Each structure stands twice: as C-alpha cells, then as structure tokens.
Amino acid sequence: MKRFIIAILLVAVLLAATACSKKARTLYVFNWSDYIDPELVTQFEKEHNCKVKIPTYDSNENMFAKIESTRESFDIAVPSGDHVTLLAQKGYLEPLDKTKLTHWGNLDPKLLEKAKSFDPGNQYAVPYFWGLTGLLYNKKNVPEEVLKSGSWAILGDKHFSGKQKISMLEDAREVVGAALVYKGYNINDSSPEALKAASEALAIWDQNVSQYDSESYKNEVADGTTWLGQAYNGDALQQMELNKDLGFLLPVEGTSLWMDSMVILKSSQNKDLAYDFINYMLESETAKTNADYVKYATPNAEATKLLDPAFTGNPLIYPSAEYLDKCYMIEFLGDKVKAINDLFEQIRMN
Ligand code: N2P
C-alpha cells in the first residue's frame, strides 16, 4: 500500500513538473499595434500549448529604444526595412536558419529580392506586410472641394486654418518624408537643400497640426475630433470598414513605401518557438486570414492567390505600378538620419 501511495505521489509530481515547464513557454512578439489577427494568435497558442504575448509599439524609433534597453524581453520584433538594417548592424538579430522555415518558399521571390536592399542575402528578415502612407479623412468634416487636388498640399489648405484639426504621424521619416516628396525630392534625401525645401512645407502644415501621434488619430478621425490624419493605409482601411464617413487617399506626388519583417532577436530565450510562430505566419491560409484582418498587402505569394480579387484589386492596398514608381522605400541612412530627426524635432517643438 505504501509503495502504491509513493508511486501515485511520484506520478503527481511528474505531471505537475510537466505542466509547469509547459506553462513556462511564453513567446513575446513585439509588434506594431493593430497588426495581427488575434484569433490567429489564439489558434497558435492552442496548437503549440504556449502563451503568446504581443506588446505593441507605434513607431520604429520606440521599438528600437525599447529593444536597446530591454533586449531579453522579446523573442520576435517586426521592424521596417531601415530598422532591420540598424538592428542587424547593432548585432541584435539572429541569422535565420531557413531549414527551420519550411514555408519560406511561399514568399514572393520579387519581394524577397527587394528586401535584400535592407537585408542583404535575406539573412535576418521574414517579410510580413508592406504598405504606404497617405491621408485618412472624415467626409463630414472635409469637403470634396478640399480633397480634389489629391496632393500633400491639402495639409496646408485654408479649410483647416486656425482649427488645428490635422494629425501627423509621430515619425520623423514619415513627416519629413511627406514634405520631401511633396517638394519633388527623394524621401531619402537629407541634403541641406532638400531639407530646406521640406522645412518650408512643414512650417505651413504645422500650423494646422494639433498632434504628431501615430495612434490617437485612428479613433479621432472617426469621431470628428481630428478631421484629417496622415495614416498608414491598412490602419486607415480598418477604420473605414467601421465608419462609412471615412475616406483615404494616396497623394498624387507619391509617398513612402515600407516593408515590415519578422526578425528573431539574438537574445531570445525561445528560439524554437519563435521559428514555429514565424513558420505558422508564413502558412498560406494564416497569411491570407491575417492580411484580410489587418488590410495590408502580403508578401506571401501563396496567400495572395487565396485573397478575394476585391482585396488584391484595391488600389489603396495594391496601387498601380505607375503609382508605385512615384513612391520611395524608406532606406537606412546611418548618421545622415540625424538631420531629418533634427528637422522633425524643430518643427514639432515649435
Ligand atoms: C500597423 C502599422 C504598421 C505600418 N498598425 C508601419 N510600418
């Protein structure tokens, strides 16, 4: 009898130990806000008997600062191209073992080629979504007449004078970039001449801007607190689905183009689970469901085949080749980025 009780106790201890070790498996995916379908995350948790936590950020700069200060807190991050380069140069990224990424082949080879511009050899980055930045507006507050030019100049329109009803992103590359493109410069031009031209446009726009913020505009354009906001296309489309008064335009002069990628941090304590997660996100069905939810263009060729033609034919998500020709990928500028950051600070602190 005694032996029997000891055996039972042993089994109980073993079971508890297994449960604990499983409980310990928590994956931290540091992601942009509103950038993943939560049901997919729940599904992954069930399939892999783990927890996935998704702390969020609203700019590459904030993501980078957080990773610098608390690297070991995250397994995966989702930086834009220029910040993939920065994180890799700092030595914070784990080179990808492609043999563990069985769905890598689902990615569009043309986009992988493009990704080499910020990640030579596709060493670290698994393309997640790509998109463009434009203007989200509320038709109740912004008449057709004001919008018809389709230009970045709308930000300086007299309709907004003295009203402070515009918001721009809290992102130096996007804000200064919009002014650079509007003035006919490359978004990556940090020369004094280009920045002088950009600063002239920004000084005018800034008079109408109430805030440089990448989050609040989403609800505020909908509720009318803000009339028009610089916005990422997918975020804008998510809001438009909820509110028929909202519209979005891609400025005629062109705009920024970015590709965000999943990367594994070298300091990750859960690399196998991180590979499982990335592989899961690369499955064609998962990537299709995720794109449907977040409303960004997927670099996953197999998922693209599954998407509704109304989605892939939407020019606000997949603009024409002619329009894309006018857009600029935000590139890594090294130390030259300081002049752009300084201009942004100067404008927003004014
Ligand atoms: C998601 C915003 C991601 C786009 N909310 C910025 N690269």
Side-chain angles (χ1 to χ4, degrees), residues 29-38 40-41 54-67 76-87 111 114-115 117-119 125-136 167-178 181 187-188 212-222 226 229-242 246 248 250-251 255-263 281 287 289-300 314 316-319 324 327-333 337 340 344:
V29 180
F30 197 25
N31 197 2
W32 294 85
S33 51
D34 305 318
Y35 216 26
I36 193 162
D37 178 346
L40 291 174
V41 177
I54 318 252
T56 58
Y57 50 87
D58 57 14
S59 76
N60 280 301
E61 286 74 13
N62 293 345
M63 175 267 315
F64 182 75
K66 198 75 188 268
I67 286 182
I76 292 173
V78 191
S80 305
D82 59 329
H83 277 70
V84 169
T85 315
L86 180 61
L87 289 164
L111 288 171
K114 280 209 171 28
S117 66
F118 57 79
D119 177 28
V126 183
Y128 182 62
F129 283 115
W130 63 270
L132 306 102
T133 302
L135 299 174
L136 173 69
S167 80
M168 292 191 81
L169 295 168
E170 193 199 3
D171 185 314
R173 298 301 305 273
E174 291 287 3
V175 171
V176 176
V181 176
I187 212 164
N188 300 299
Y212 294 90
D213 184 307
S214 301
E215 276 305 308
S216 4
Y217 77 87
K218 295 180 197 167
N219 295 326
E220 289 186 359
V221 177
T226 297
Q230 187 187 21
Y232 301 120
N233 58 339
D235 287 14
L237 288 156
Q238 288 175 35
Q239 294 303 319
M240 281 159 69
E241 195 170 63
L242 304 173
L246 304 184
F248 179 75
L250 292 170
T255 187
S256 65
L257 181 63
W258 33 261
M259 191 189 289
D260 300 330
S261 303
M262 295 179 278
V263 294
M281 295 314 292
T289 307
N290 206 23
D292 259 339
Y293 183 91
V294 299
K295 312 220 176 309
Y296 284 98
T298 175
N300 190 310
N314 185 339
L316 298 177
I317 307 177
Y318 293 90
L324 289 175
C327 300
Y328 300 89
M329 181 85 111
I330 295 180
E331 289 167 9
F332 177 65
L333 296 180
V337 80
I340 292 180
F344 179 55

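Note that this is a predicted model, so its numbers are computed, not measured. Side chains are part of it too, since the values below use all heavy atoms of this structure and drop only hydrogens, waters and symmetry mates. Atoms within a ligand are numbered from 1 in the order they appear, just like the ligands themselves.
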Problem set entry | Value rounded to 0.5 Å, distance of CE in Met259 from CG in Asp82 | 12.5 Å
Problem set entry | Gly131 to ligand 1, any heavy atom closer than 4.0 Å | no
Seminar exercise, completed: atom 7 (N) of ligand 1 has as its nearest protein heavy atom Asp260 OD2, 2.9 Å
For this session: Please list, chain by chain and in numerical order, all residues satisfying side chain to side chain contact (heavy atoms under 4.5 Å, CB included) with Asp58, sequence neighbours excluded.
Result: Asn62, Glu170, Ser214, Glu215
For this session: Among all protein heavy atoms, pick out the one at the shortest distance from atom 2 (C) of ligand 1; state its residue, atom name and that distance to 0.1 Å.
Result: Tyr296 OH, 3.6 Å
Problem set entry | salt bridge (charged side-chain N to carboxylate O under 4.0 Å, His left out) against Asp37, all qualifying residues, sequence neighbours excluded | none
For this session: May I ask you to list the atoms of ligand 1 that are less than 4.0 angstrom from any heavy atom of Ser80?
Result: 7 (N)
For this session: Please determine, by modelled atom types, if Tyr296 and Asp260 share a side-chain donor-acceptor pair under 3.5 angstrom.
Result: no
For this session: Do me a favour and list the nearest non-hydrogen protein atom to atom 4 (C) of ligand 1 with residue, atom name and distance?
Result: Trp258 CH2, 3.3 Å
Exercise. Which heavy atom of the protein is the closest neighbour of atom 5 (N) of ligand 1, given with residue, atom name and distance?
Worked result: Ser33 O, 2.6 Å
Problem set entry | Asn314 side chain near Leu237 side chain, heavy-atom distance below 4.5 Å | yes
Exercise. With a 4.0 Å cut-off on heavy atoms, does Phe129 reach ligand 1?
Worked result: no
For this session: Ignoring angles and geometry beyond distance, decide whether Asp235 reaches within less than 3.5 Å of ligand 1 through its nitrogen or oxygen atoms.
Result: yes
Exercise. Is a side-chain donor or acceptor of Asn60 paired with a backbone partner of His83 at a separation under 3.5 angstrom?
Worked result: no
